[in-house]
S.K.: 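Here it is, the structure in full.
Proteins get letters first, then strands, A, B, ... in listed order; numbering begins at 1 in each.
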Amino acid sequence: MPELPEVEEAAQRLRRAVVGRTIARVQPLHRSVAARVTPAIARALRGATVERVERRGKHQLIHLEDGRIIHVHFRMSGDWALLGDAEAPRSARLVITFTDGTRLALVDPRALGTVDVHRAGAPPVIALGPEATDPTIDPAEVRAQLRGRRAPIKVALLDQRILAGVGNIYAAEGLWHAKLDPRVAASSLTRRQVARMLQGIRTAMAQAGGARYATDEDRFAVYGRRGEPCRRCGTPIEQLTQAGRSTYFCPKCQGARRRS
DNA sequence: CGTATCCTGACC
DNA sequence: GGTCAGGATACG
């Protein structure tokens, strides 16, 4: 499931599965896909060969040799599944069959994911900030982006134009690592605090991408842990709602009054 | 700016 | 039955 580390992992599986292969058949199985991949568009994909797979933030771009691009976004619950000979699961929203028999499914229980086919020469325009995992990001530039934004920092982080790939979980996790209060105005962060926040997000994402944990419980420091003791100071983790999304944080070590 | 909305499933 | 989900956008 899908924030930057998970989409990156999915894109790698996709790459291994489809680069160099030729599409034999495209079957939209739900209106979430069929609304944009019409029967004519699906038919026209037959015979096209995949040249490469690119990830930008949480977006995946399947570049075809003829210049067309299949643009996929998992939204809340999308993922790739290789079907083999198995029947497509109930949650499959799109199945692509390749000439060598490879069968790839977009599984997406909530059916909020999107698939768009762009014709050659008309690539998608996606407004994204720098990749959240990029260690060369200049904190001063991110701070400049955050100036004049009255939203709380946690809400601003969900705007993909600030940092590409940060979602609700890693926004909370990154702020915890950086000991920053999710409620403070984005515009109030110092350059130093922004630098710490960037490091915190990278730390959180690196932990997700690295060792696999047995359960979700061990993967996150604060996300989904309301009432459990903070790993740093033991204070119970609190949950609040910001812009309609849950935010988890430690009221003590992410307190508003602490400086740098 | 916050809120509703798309859609389905899991859980209380 | 209601509420809540790791996303993004169209609203008012």
S.K.: Polar atoms only, N or O, under 3.5 Å: list the protein pairs with nucleotides 3-5 of chain B and their distances.
M.R.:
none

S.K.: Remember a base hit wins even if backbone is also touched, and classify A/Gln242 as base, sugar-phosphate or nothing at under 4.0 Å, heavy atoms.
M.R.: nothing
S.K.: Taking only distance into account, with no hydrogens and no angle test, what donor-acceptor pairs under 3.5 Å do side-chain atoms of residues 64-74 of chain A form with protein atoms, sequence neighbours excluded?
M.R.:
| unit_1 | atom_1 | unit_2 | atom_2 | d |
| --- | --- | --- | --- | --- |
| A/Asp66 | OD1 | A/Arg68 | N | 2.9 |
| A/Asp66 | OD1 | A/Arg68 | NE | 3.4 |
| A/Asp66 | OD2 | A/Arg68 | NE | 3.0 |
| A/Asp66 | OD2 | A/Arg68 | NH2 | 2.8 |
| A/Arg68 | NH1 | A/Ala44 | O | 2.9 |
| A/Arg68 | NH2 | A/Ala44 | O | 3.1 |
| A/His71 | NE2 | A/His59 | ND1 | 2.8 |
| A/His73 | ND1 | A/Arg75 | N | 2.8 |

S.K.: A/Ile126 CD1 to C/dG7 C1': how many Å, rounded?
M.R.: 14 Å
S.K.: Name every donor-acceptor pair, under 3.5 Å, that has one atom in a side chain of residues 91-101 of chain A and the other anywhere in the protein, sequence neighbours excluded.
M.R.:
| unit_1 | atom_1 | unit_2 | atom_2 | d |
| --- | --- | --- | --- | --- |
| A/Arg93 | NE | A/Ser91 | O | 3.4 |
| A/Arg93 | NE | A/Asp108 | O | 2.8 |
| A/Arg93 | NH1 | A/Arg90 | O | 3.4 |
| A/Arg93 | NH2 | A/Asp108 | O | 3.4 |
| A/Arg93 | NH2 | A/Pro109 | O | 2.8 |
| A/Asp100 | OD1 | A/Thr102 | N | 2.9 |
| A/Asp100 | OD1 | A/Thr102 | OG1 | 2.9 |
| A/Asp100 | OD2 | A/Arg21 | NE | 2.3 |
| A/Asp100 | OD2 | A/Thr102 | OG1 | 3.2 |

S.K.: Determine, using the 4.5 Å side-chain heavy-atom cutoff (strictly less than), whether A/Val222 and A/Val155 are members of one ILVMFWY cluster.
M.R.: no
S.K.: Examine C/dG7: is either OP1 or OP2 under 4.0 Å from a nitrogen or oxygen in the side chain of A/His73? Give yes or no.
M.R.: no
S.K.: Send over the distance from A/Leu158 CG to B/dG2 C1', rounded to a whole Å.
M.R.: 14 Å
S.K.: Taking the C1' atom of each, how far is C/dA5 from B/dC1, in whole Å?
M.R.: 24 Å
S.K.: Do A/Leu189 and A/Val142 belong to the same hydrophobic cluster, where Ile, Leu, Val, Met, Phe, Trp and Tyr are linked whenever their side-chain heavy atoms lie under 4.5 Å apart, directly or via other members?
M.R.: yes
S.K.: In what stems does DNA chain C take part, counting only runs of at least 3 consecutive Watson-Crick or G-U pairs whose two distances fall under 3.5 Å?
M.R.: B:1-6 with C:7-12, B:8-12 with C:1-5
S.K.: Rounded to the nearest 0.5 Å, how far does CG of A/Asp85 lie from CZ of A/Arg103?
M.R.: 7.5 Å
S.K.: Using side chain to side chain donor-acceptor pair (under 3.5 Å) as the criterion, point out the one residue from A/Arg15, A/Arg16, A/Glu8 that pairs with A/Gln12.
M.R.: A/Glu8
S.K.: Output the rounded distance in Å from NZ (A/Lys58) to P (C/dT9).
M.R.: 10 Å
S.K.: Quickly work out the A/Lys154 NZ to B/dG2 P distance and round it to whole Å.
M.R.: 11 Å
S.K.: Do A/Arg202 and A/Gln199 have a side chain donor and acceptor closer than 3.5 Å?
M.R.: yes
S.K.: Could you give the CG-to-P distance, from A/Asn168 to C/dC4, as a whole number of Å?
M.R.: 14 Å
S.K.: Roughly how many Å is it from NE2 in A/His71 to C1' in C/dA8, rounded to a whole number?
M.R.: 11 Å
S.K.: Quick one: list whatever passes salt bridge (charged side-chain N to carboxylate O under 4.0 Å, His left out) with A/Arg36, sequence neighbours left out.
M.R.: A/Asp116
S.K.: Choosing from C/dA5, B/dC7, C/dA8, which nucleotide comes nearest the side chain of A/Leu112?
M.R.: B/dC7
S.K.: Taking the six-membered ring of A/Trp176 as reference, does the NZ or CZ atom of A/Arg231 fall below 6.0 Å from its centre and within a 45° cone about the axis?
M.R.: no
S.K.: Salt-bridged, A/Glu6 to A/Arg219, with N to O below 4.0 Å?
M.R.: yes
S.K.: Given atom CD1 of A/Ile162 and atom C1' of C/dG7, what is their separation to the nearest angstrom?
M.R.: 16 Å
S.K.: Following the transitive rule for hydrophobic clusters with a side-chain heavy-atom cut-off under 4.5 Å over Ile, Leu, Val, Met, Phe, Trp and Tyr, establish whether A/Val184 and A/Val166 coincide in one cluster.
M.R.: yes
S.K.: Between the protein and nucleotides 8-12 of chain B, which nitrogen or oxygen pairs are less than 3.5 angstrom apart?
M.R.:
| unit_1 | atom_1 | unit_2 | atom_2 | d |
| --- | --- | --- | --- | --- |
| B/dT8 | OP1 | A/His30 | NE2 | 3.2 |
| B/dT8 | O4' | A/Pro109 | O | 3.3 |

S.K.: Starting from C1' on C/dA8, measure out to CG on A/Leu4 and report it in whole angstrom.
M.R.: 16 Å
S.K.: Are any of A/Arg75's side-chain N or O atoms less than 4.0 Å away from OP1 or OP2 of B/dC6?
M.R.: no
S.K.: OP1, OP2 of C/dG7 versus side-chain N and O of A/Gln160: anything below 4.0 Å?
M.R.: no
S.K.: Where the side chain of A/Gln160 meets the backbone of A/Gly165, is there a donor-acceptor pair that is under 3.5 Å apart?
M.R.: yes
S.K.: Taking atom P in both B/dC7 and C/dA10, what distance in whole Å separates the two?
M.R.: 16 Å
S.K.: Under 4.0 Å between any heavy atoms, over every strand shown, what does A/Thr114 touch: base, sugar-phosphate, or nothing? Just pick one.
M.R.: nothing
